[in-house]
Structure formats: structure tokens, C-alpha cells
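Have a look at the structure below, then the notes.
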Protein chains: 2
Amino acid sequence: MKKTQKECPDTPTCSVDYAFKRIGGKYKGRILWYLHEHMILRYGELGRKVPDITTKMLTQTLRELEKDNLVDRKVYHEVPPKVEYSLTEVGKELIPFISYLKEWGDKQIEKTNP
Amino acid sequence: MKKTQKECPDTPTCSVDYAFKRIGGKYKGRILWYLHEHMILRYGELGRKVPDITTKMLTQTLRELEKDNLVDRKVYHEVPPKVEYSLTEVGKELIPFISYLKEWGDKQIEKTNP
DNA sequence: CTGTATCCAGGATGATACTG
DNA sequence: CAGTATCATCCTGGATACAG
């Protein structure tokens with residue numbers, strides 16, 4: 001049942017894996033959701049919205065989302081610097097699904113804490 | 001920007017986090033999808049469907065899904081033993097979203113490998 | 001303000017052996 | 001067949017300091 005690790009085996013569920021990797025991780029879901037709610041957020045604003053995230057993880061997560069073409073990064077070359085983040089078109093395609101997931105989560109939480 | 005870790009801060013996105021934790025992890029997405037495709041699968045069948053998973057991770061993942069009430073476990077007390085896994089009603093509610101995610105993944109993969 | 005760079009701890013996962 | 005147990009390893013994410 002075991003050989004070596006593969007990045008993405010050619011099974012029918014490969015795309016499930018692919019997608020999960022792109023939105024998995026500790027903060028990606030929330031960041032995408034906040035960007036959906038606010039359209040545009042600056043680096044510091046995002047940091048304040050995600051409780052207790054470190055600058056390291058905030059930057060790292062944003063870089064990954066950017067690399068996967070889910071988030072746009074717009075730099076204003078001013079002093080002090082200003083950077084705005086927003087969803088790309090591809091990123092926006094994920095919103096219906098995150099929305100669905102959020103509703104499901106709400107329902108489950110409600111069931112658990114009556 | 002940092003105090004201490006909380007399990008689930010009372011923010012509007014709490015439920016996004018909640019949901020992601022329940023379907024995150026390396027194998028949960030695929031296992032839920034396979035159970036959706038086949039309705040009922042035995043332990044060994046699942047193991048064969050998920051490439052390279054170890055018995056440890058298969059058992060552990062199934063136990064978590066069971067605990068979160070996403071998967072049903074039916075034991076037949078025979079020799080040799082037989083255990084069947086299937087989606088619960090709550091688990092089935094996640095299928096539309098995994099389905100959406102899968103289609104999105106397929107599209108992205110297609111774009112990347114033309 | 002918007003990050004980078006290190007170093008490190010802890011959790012998640014892997015390898016392997018064994019059992020009812 | 002369907003697991004459990006143990007030990008090893010990897011890798012995510014946390015703490016902290018510093019920079020343009």
C-alpha cells in the first residue's frame with residue numbers, strides 16, 4: 001500500500017487534492033473570505049482582521065495565494081509604503097464554495113452549541 | 001498582532017475555520033469524495049483507492065471523520081472481520097462543495113497543462 | 001507601513017512491526 | 001481483514017529581531 005510520495009497522482013481525485021492544497025493551510029480560507037467581504041485590504045488591515053497571525057505567516061500566505069493566482073497584489077511606491085490585496089477573477093470563483101462551506105459550518109456550530 | 005492561540009475566536013469567519021478544520025488534512029477530501037462516488041466502501045477498498053496511504057493514517061482519518069459525524073462506520077462481527085464506511089447525512093451536505101471545488105481544480109489543472 | 005531573516009517547537013505524517 | 005503500537009521524520013507555523 002506504499003511506495004513513494006507523489007505530488008499529484010493521476011487518479012480521478014487528483015483535482016480534489018490540487019484544490020485543497022491551494023486553499024488549505026491555517027489562514028487561507030479566512031484571508032480569501034475577508035478579501036471577498038471587503039474587496040480591497042491593505043497588508044496591515046488584513047493582519048488586524050486575522051486574529052493573532054504573525055507577519056511571517058501573513059506574508060507567506062499572501063505570497064502563496066498570489067503565486068496560485070488567487071490574490072492580486074498592488075504596490076504603491078510611496079513613503080510610507082502601501083500595498084493593497086484583492087481577489088483575482090480565479091480567486092472569486094472560489095467564493096461560492098467558501099460561502100457554502102461557511103453556511104455549513106455555521107449550521108454545525110449551532111447544532112453543537114444550542 | 002499576537003497574544004495566545006485560541007481554538008476558535010469569535011469572529012465572523014469562525015465558521016470558515018471550523019469547516020476547514022473538519023475537512024482539512026492530507027486525505028479527508030479524497031476519502032469523502034470516494035465515499036460519495038461509491039456510497040459504501042470497506043476499509044481495504046478505501047486503502048487501495050487512496051494511493052500510498054498507510055494503515056495508520058487511514059484509520060486515524062476515518063476516526064476523525066467519524067467523530068465529526070461525517071462518516072458512518074458499520075462493523076460486521078464475522079471472521080474475517082468486515083467494516084463498511086459511508087457518508088452520513090451531514091457528510092453528504094459537503095458533497096456539493098467538494099464537487100464545486102473539484103471542478104474548479106480540474107479547470108485550473110487544464111489551464112496549467114494545456 | 002510592509003515586510004525579511006533566523007531559529008526552533010510541536011504537530012502531522014511516515015515506516016515498520018505486530019494482533020484479534 | 002481491519003486495525004494498533006511505537007518510533008522516526010518532516011514540515012508547518014511560532015517567536016523574535018531587524019530592515020527599506
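Within every chain, numbering begins at 1; the chains are lettered A, B, ... in the order of the sequence lines, protein sequences first and strands thereafter.
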Whole angstrom is fine here: how far is it from [atom1] in [X] over to [atom2] in [N]?
X	N	atom1	atom2	result
A/Glu64	C/dG3	CD	C1'	16 Å
B/Lys74	D/dA2	NZ	C1'	17 Å
B/Arg30	C/dT13	CZ	C1'	13 Å
A/Glu78	D/dG20	CD	C1'	15 Å
B/Asp17	D/dG13	CG	P	12 Å
A/Met57	C/dG3	CE	P	15 Å
B/Lys21	C/dG11	NZ	C1'	14 Å
B/Leu58	D/dC1	CG	C1'	12 Å

Practice prompt. Summarise how protein sits on nucleotides 5-11 of chain D as a single string, 5' to 3': B when a protein heavy atom is under 4.0 Å from the base, S for sugar-phosphate-only contact, - for no contact.
Written response: -BB----
So do the side chains of [X] and [Y] get within less than 4.5 Å of each other, counting heavy atoms only?
X	Y	value
B/Val83	B/Arg73	yes
A/Leu65	A/Lys28	yes
A/Thr59	A/Arg63	yes
B/Met57	B/Lys26	no

If you compare every side-chain N and O of [X] against the phosphate oxygens of [N] (OP1, OP2), does one of them come in below 4.0 Å?
X	N	result
B/Arg42	D/dC1	no
A/Arg63	C/dG3	yes
A/Tyr43	C/dT4	no
A/Arg48	C/dT2	no

Practice prompt. With sequence neighbours left out, write down each residue that passes salt bridge (charged side-chain N to carboxylate O under 4.0 Å, His left out) with B/Glu93, or none if nothing qualifies.
Written response: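 Partners of B/Glu93 under the salt bridge (charged side-chain N to carboxylate O under 4.0 Å, His left out) test: A/Lys107.
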Side-chain donor-acceptor pair under 3.5 Å between [X] and [Y], yes or no?
X	Y	answer
A/Gln108	B/Tyr18	no
B/Ser86	B/Asp72	no
B/Tyr43	B/Thr55	no

Worksheet item: Contact class for A/Tyr85 vs. all strands (heavy atom < 4.0 Å): base, sugar-phosphate, or nothing?
Response: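 Counting heavy atoms under 4.0 Å across all strands, the contact made by A/Tyr85 is with sugar-phosphate only.
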Discussion item. My validator wants the stems of DNA chain C: runs of 3 or more consecutive Watson-Crick or G-U pairs, both distances under 3.5 Å, written as range with range.
Written reply: C:1-20 with D:1-20
Worksheet item: Among C/dG3, C/dC1, C/dA15, which nucleotide sits nearest the side chain of A/Pro81?
Response: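 Looking only at heavy atoms from C-beta outward on A/Pro81, the closest nucleotide is C/dC1.
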Practice prompt. Among the candidates D/dG3, C/dG3, C/dC1, find the nucleotide nearest to the side-chain atoms of B/Thr59.
Written response: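 Closest nucleotide to the B/Thr59 side chain: D/dG3.
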Worksheet entry | Over 12 foreign heavy atoms within 6.0 Å of CD, A/Glu78 |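 Count over threshold, so yes.
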Worksheet item: A/Leu35 pairs by side chain to side chain contact (heavy atoms under 4.5 Å, CB included) with which of A/Thr88, A/Val71, A/Leu70, A/Ile40?
Response: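 Result for side chain to side chain contact (heavy atoms under 4.5 Å, CB included) with A/Leu35: A/Val71.
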